[in-house]
Protein chains: 2
Amino acid sequence: MAVARTGSNLSQIAALLGVSSATVSNALSGKGRVSAELAEKVRATAAELGYTPSLTGRALRTGRTGVLGLVLPDIANPLFPQIAQAIEHAASKAGYGVLIADSRGDVALQTDAINRLIERNVDGIVIVPRLGTRIADIGCPVAVIDSPSTPGNTVSADHWQGGQAIAEHLVSLGHRKFLLIGNNPASNVQNDRIGGMKSRLPEGGIADVLWIERHEQVHGKGSLLGLKQKLDQGFTAFAAVSDLHALRALTELQRAGIGVPEDASVTGFDDLVWSSVITPSLTTVRMNMAEIADIAIAALVRVIEADTASGSDIPRTATGTVAAAERSSVPMQLVVRQTSGPPAPIDSA
Amino acid sequence: MAVARTGSNLSQIAALLGVSSATVSNALSGKGRVSAELAEKVRATAAELGYTPSLTGRALRTGRTGVLGLVLPDIANPLFPQIAQAIEHAASKAGYGVLIADSRGDVALQTDAINRLIERNVDGIVIVPRLGTRIADIGCPVAVIDSPSTPGNTVSADHWQGGQAIAEHLVSLGHRKFLLIGNNPASNVQNDRIGGMKSRLPEGGIADVLWIERHEQVHGKGSLLGLKQKLDQGFTAFAAVSDLHALRALTELQRAGIGVPEDASVTGFDDLVWSSVITPSLTTVRMNMAEIADIAIAALVRVIEADTASGSDIPRTATGTVAAAERSSVPMQLVVRQTSGPPAPIDSA
DNA sequence: CAGAGTTGATTAATCGATTAATCAACTCTG
DNA sequence: CAGAGTTGATTAATCGATTAATCAACTCTG
């Protein structure tokens with residue numbers, strides 16, 4: 001029944017050296033009192049045998065699995081790869097593995113996903129909540145990556161500042177009449193981005209917001225956004241809250257024979273993989289996911305280790321805390337490419 | 001030190017009922033001999049206490065962690081979310097968790113990623129290998145999702161048949177001169193797709209292949225593909241091996257003032273999220289990822305369970321087998337949207 | 001009704017690592 | 001040189017679940 005593992009365990013090393021397994025454990029962890037020369041011998045034999053500690057054995061004894069859960073409710077989110085990669089890398093550096101739990105885009109299943117992770121005894125959870133979802137007290141340390149304006153947010157990109165950066169860029173090019181394209185007004189992220197853009201409007205500037213979900217409820221899914229008419233109304237800058245919607249706007253304008261960027265500028269958010277290869281390539285704003293992930297993991301690990309240190313007398317509910325970080329927002333970076341340019345001279349004919 | 005867990009374990013239930021923990025274990029697993037009424041009482045108290053077995057304890061004893069690893073070396077792959085979601089769902093149905101390991105797009109790091117998973121004692125690994133990588137004997141059960149033409153492939157979409165479906169569609173619309181757009185000729189998936197498309201060429205049909213990576217080595221990254229000239233040379237159908245490249249082609253054509261689909265048809269592969277919202281929406285081919293994942297997980301679980309059943313006397317190397325499935329390819333499905341249409345009438349002026 | 005067989009439970013070992021408690025052998029110090 | 005303190009190790013319990021081995025109490029059968 002016992003599985004043939006990589007071969008070595010503590011007692012094998014111990015037997016080989018004629019010492020107790022406790023001594024081997026102490027030597028390798030550097031915790032107990034072991035003479036320098038014996039410790040060296042232990043390390044040598046461990047290396048020779050290719051010993052890797054059984055995380056299962058350790059987990060059973062210490063109560064910590066060394067695994068974090070990652071919950072990304074909005075699977076359709078094209079940022080998924082970037083986020084997953086960054087989190088995995090940051091966690092791996094901190095000595096943790098990452099278990100994924102998908103909620104198939106369904107808000108109700110988000111709780112299921114979280115429970116599945118908890119059943120597997122994850123030490124903590126990183127969650128990028130679906131729009132509007134409040135993270136209830138879960139009973140295990142959590143780091144939330146959403147937006148700085150969300151209560152309980154651990155760390156996230158500074159979407160507001162990103163909006164400002166895009167708006168400043170467009171304003172400096174001479175644009176005055178903006179169509180801001182969002183998807184769902186319930187999203188904190190989208191609201192921050194739009195708020196940031198609006199906050200940098202020049203005097204006399206105009207910024208209408210087009211919410212795609214509302215538009216589609218009226219005109220049907222995948223319908224045109226009517227950007228040609230907007231252009232005729234004098235809008236020259238089409239600033240979307242995501243590259244996804246920017247792409248939609250760009251192709252709709254191109255299809256209508258409108259030149260980008262000569263006749264209209266288009267901008268996005270997120271710098272998705274294809275943003276740089278389309279023609280014209282997309283001006284956008286990028287988040288520093290690596291840094292966000294590092295901060296989130298660091299904050300989470302801090303809570304986990306504080307939990308363990310404080311011992312078992314603390315009631316479980318107290319451990320259901322949302323991790324806090326000193327820096328809760330990371331600046332976004334403007335990426336100027338080809339879809340933004342000065343507005344066409346006004347047709348004063 | 002002991003962590004305050006959800007509260008209940010086998011011995012607590014046992015103590016509460018005044019029986020031994022072995023009996024509780026037997027009652028819940030249905031393995032040993034337990035009277036029907038006692039079994040019922042055990043189940044009732046277990047439910048009452050909200051007992052969930054400690055997977056760590058079980059793992060230590062049985063040598064199986066109930067966790068699978070997922071290796072997706074090409075993180076930039078926009079299919080990532082779909083794949084991860086499908087695998088997680090299939091694994092979850094089979095009672096397994098999914099640990100991710102990212103190799104940051106680097107082939108060399110693929111091995112690192114795999115080793116990290118093995119150190120965490122995953123029971124098996126699902127891998128979508130990076131182009132051209134052969135999966136060496138890993139020392140743990142593996143399921144490979146690549147392409148039917150790859151040796152050692154467990155299951156994958158039938159990329160060849162997908163290519164045929166797209167080609168048949170375009171041929172039936174009247175196209176005769178195709179530009180097939182690929183990225184890297186070392187990719188089995190891309191070669192299958194292109195091979196499939198070529199195999200359905202009508203008599204006298206022409207199909208050139210444009211490999212983007214080679215093109216960019218000459219003309220620089222993100223450079224134009226020169227599709228306008230191709231159109232002038234009589235090419236009417238631009239069939240890419242991925243939606244990503246189809247999007248690149250589409251925007252390049254649109255930017256050059258060429259109407260899609262009136263003047264040229266464009267098709268992709270994969271049905272990525274944005275394919276349906278761009279204008280015109282993209283004709284493409286979709287893989288049935290849910291079914292592929294189900295088959296892959298089923299095959300993997302079969303190997304894992306066979307391993308365990310056969311006991312520990314079998315040398316470890318024997319367990320490094322690639323899982324095989326009865327059905328190793330799953331048909332792709334043509335999705336006709338707006339970017340494909342009949343070719344423009346020949347300018348016989 | 002003796003002996004075999006069955007039923008329903010318990011005992012005790014085990015998976016690997018960690019760690020508090022203990023202990024033997026030194027080394028000091030006054 | 002007795003007693004306190006230190007050093008370097010071992011002992012043994014523990015985390016939770018599983019399971020082979022054992023056992024007591026029945027129920028048959030010839």
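Owing to the predicted nature of the structure, the values given are computational and were not obtained by experimental measurement.
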The residue, A:S29 or B:A39, whose nearest nucleotide of DNA chain C is more 5′ is B:A39

Specify the residue among B:S35 and B:G57 whose closest nucleotide of DNA chain C lies further upstream toward the 5′ end.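 Counting from the 5' end, the first nearest nucleotide belongs to B:S35.
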
Tell me the interatomic distance from [X], atom [atom1], to [N], atom [atom2], rounded to whole angstroms.
X: A:L28; N: C:dT18; atom1: CG; atom2: P; result: 8 Å
X: A:L10; N: C:dT14; atom1: CG; atom2: P; result: 17 Å
X: B:Q12; N: D:dC15; atom1: CD; atom2: P; result: 11 Å
X: A:N9; N: C:dT14; atom1: CG; atom2: P; result: 13 Å
X: A:L55; N: C:dC15; atom1: CG; atom2: P; result: 18 Å

For the residue pair [X] and [Y], establish whether any side-chain heavy-atom pair is separated by less than 4.5 Å.
X: A:M287; Y: A:I292; value: yes
X: A:Q85; Y: A:P81; value: no
X: A:L68; Y: A:I125; value: no
X: A:Y96; Y: A:I304; value: yes

Should A:R58 be listed as having a side-chain N or O under 4.0 Å from OP1 or OP2 of C:dT18? yes

B:S25 side chain near D:dA17 phosphate (N/O to OP1/OP2, under 4.0 Å):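 No.
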
Sequence neighbours excluded, which residues qualify as salt bridge (Lys or Arg N to Asp or Glu O under 4.0 Å) partners of B:K93? B:D294

Report the residues that fulfil salt bridge (Lys or Arg N to Asp or Glu O under 4.0 Å) with A:R120, sequence neighbours left out, ordered by chain and then residue number.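 Salt bridge (Lys or Arg N to Asp or Glu O under 4.0 Å) list for A:R120, sorted by chain: empty.
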
Partner set under side chain to side chain contact (heavy atoms under 4.5 Å, CB included) for A:A22, not counting sequence neighbours: A:S20

At a cut-off of 3.5 Å, list every protein nitrogen or oxygen paired with a nitrogen or oxygen from nucleotides 10-13 of chain D, distance to 0.1 Å.
from	atom 1	to	atom 2	distance (Å)
D:dT10	OP1	A:S20	N	3.1
D:dT10	OP2	A:S20	N	3.0
D:dT10	OP2	A:S20	OG	2.7
D:dT10	OP2	A:T23	OG1	2.2

Consecutive-pair stems (at least three Watson-Crick or G-U pairs, under 3.5 Å) that include DNA chain D: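 If one scans DNA chain D for consecutive Watson-Crick or G-U pairs, the stems found are C:1-30 with D:1-30.
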
Rounded to the nearest 0.5 Å, how far does CG of A:L99 lie from CG of A:L117?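 If we round to the nearest 0.5 Å, A:L117:CG and A:L99:CG are 5.5 Å apart.
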
Could you name each residue pair satisfying salt bridge (Lys or Arg N to Asp or Glu O under 4.0 Å) that touches residues 35-53 of chain A, not counting sequence neighbours? A:E40-A:R43

